[in-house]
Amino acid sequence: MKLTLDSKRFEEQQFILVRELLQSIRVKLQEAGLSGEKLEELTASIGFSVASVIDDTAAIEADGQEVHPYLTFRTSEDELTHCGENSYTHEFVYEALQSLYEQRAR
């Protein structure tokens, strides 16, 4: 497997991942009966929390062992793309939510 540094492609992939996570969270919250402002607030809050764990900005420890995720994307059959540092998916949460709102408004 080849590891490729491509910040632009990585950023595009992060945005798509965050948007899909938020869409999945939103659907499950709707299925649980939430709607309106509460739905949107919880979608954002849960999405931001999940993204923070992925980005290694939330401390993860179990039984004295620290865990530090490092996100890559499989961009071809034998290639993983990374950005050279920890991911920053949490920075896309509100932009991705806006994208989902605009998509639903059409």
Side-chain angles (χ1 to χ4, degrees):
M1 185 77 54
K2 178 180 162 188
L3 188 60
T4 303
L5 177 63
D6 186 339
S7 297
K8 185 177 186 315
R9 189 162 189 197
F10 184 84
E11 189 167 294
E12 292 166 353
Q13 297 282 306
Q14 282 188 110
F15 182 81
I16 293 167
L17 173 65
V18 170
R19 190 178 59 211
E20 291 303 311
L21 283 171
L22 292 169
Q23 180 62 25
S24 295
I25 291 166
R26 188 175 197 285
V27 166
K28 292 302 178 184
L29 291 174
Q30 283 178 311
E31 288 173 356
L34 291 174
S35 63
E37 192 173 315
K38 193 66 170 175
L39 170 65
E40 304 310 329
E41 287 173 3
L42 280 174
T43 299
S45 179
I46 293 168
F48 193 84
S49 292
V50 170
S52 294
V53 170
I54 292 169
D55 294 343
D56 196 26
T57 59
I60 305 171
E61 183 181 336
D63 299 325
Q65 181 176 351
E66 292 183 10
V67 176
H68 298 282
Y70 186 81
L71 184 63
T72 62
F73 293 98
R74 190 173 73 195
T75 49
S76 72
E77 190 65 32
D78 64 346
E79 179 180 46
L80 294 174
T81 299
H82 69 108
C83 68
E85 60 186 333
N86 284 353
S87 57
Y88 43 96
T89 59
H90 68 280
E91 294 180 12
F92 292 105
V93 168
Y94 297 102
E95 182 181 347
L97 279 172
Q98 185 64 38
S99 170
L100 289 173
Y101 300 148
E102 290 170 0
Q103 188 177 23
R104 282 191 304 273
R106 294 181 200 165

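Partners of Arg26 under the salt bridge (Lys or Arg N to Asp or Glu O under 4.0 Å) rule, at least two apart in sequence or in another chain, are Glu40.
In the hydrophobic clustering of ILVMFWY residues, with side-chain heavy atoms under 4.5 Å counting as a link, Phe73 and Val53 come out apart.
Counted within 6.0 Å of CD on Glu37, heavy atoms from surrounding residues, nucleotides or ligands total 12 or fewer; the atom is thus considered open. Enclosure of atom CD in Gln65 is not indicated, since only 12 or fewer non-hydrogen atoms of other residues, nucleotides or ligands lie within 6.0 angstrom.
Pro69 has its side chain within reach of Ile60: a pair of non-hydrogen atoms, C-beta onward, lies under 4.5 Å apart. Here the side chains of Leu21 and Ile54 are in contact, with some heavy-atom distance below 4.5 Å.
Here the shortest heavy-atom pairing between Ile25 and Thr43 reads CG2-CA, 4.0 Å. In plain terms, the two heavy atoms of Leu97 and Ala44 that are nearest each other are CD1-CB, 3.4 Å. When all heavy atoms are compared, the tightest approach of Ser87 to Asp55 is OG-OD1, 2.6 Å. The shortest heavy-atom contact between Gly84 and His82 is N-ND1, 3.0 Å. In plain terms, the two heavy atoms of Phe92 and Glu11 that are nearest each other are CZ-CG, 3.2 Å. Nearest heavy atoms, Glu85 versus Tyr70: O-CE1, 3.3 Å.
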Checklist entry - Please walk me through it: do Thr75 and Thr4 pass side-chain contact (heavy atoms from CB on, under 4.5 Å)? => result CA-CA 9 Å; Thr75 49; Thr4 303; 5.9 Å; no

Checklist entry - Going through the distances and angles, do Leu71 and Leu17 end up as a side-chain contact (heavy atoms from CB on, under 4.5 Å)? => result CA-CA 11 Å; Leu71 184 63; Leu17 173 65; 4.2 Å; yes

Item to check | Full working for side-chain contact (heavy atoms from CB on, under 4.5 Å) between Leu29 and Ile46 | outcome: CA-CA 10 Å; Leu29 291 174; Ile46 293 168; 4.1 Å; yes

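For the atom pair CD of Glu20 and CG of Leu100, the computed distance is 8.0 Å after rounding to the nearest 0.5 Å. Taken from CD1 in Ile16 to OG1 in Thr89, the straight-line distance is 13.5 Å, to the nearest 0.5 Å. Distance check: Thr57 OG1 to Tyr88 OH gives 14.0 Å after rounding to the nearest 0.5 Å. The structure places OG1 of Thr72 at 10.5 Å from CD of Glu79, a figure rounded to the nearest 0.5 Å. The structure places CD of Glu77 at 14.0 Å from NZ of Lys2, a figure rounded to the nearest 0.5 Å.
Salt bridge Glu12/Arg9: absent, no basic N to carboxylate O contact under 4.0 Å.
In this structure, Ser52 contributes its side chain and Phe48 its backbone to a donor-acceptor pair below 3.5 Å.
Applying the 4.5 Å side-chain rule to ILVMFWY residues, one finds Met1, Leu3 in the same cluster as Leu80. Through direct or relayed side-chain contacts under 4.5 Å between Ile, Leu, Val, Met, Phe, Trp and Tyr, Val27 connects to no other residue.
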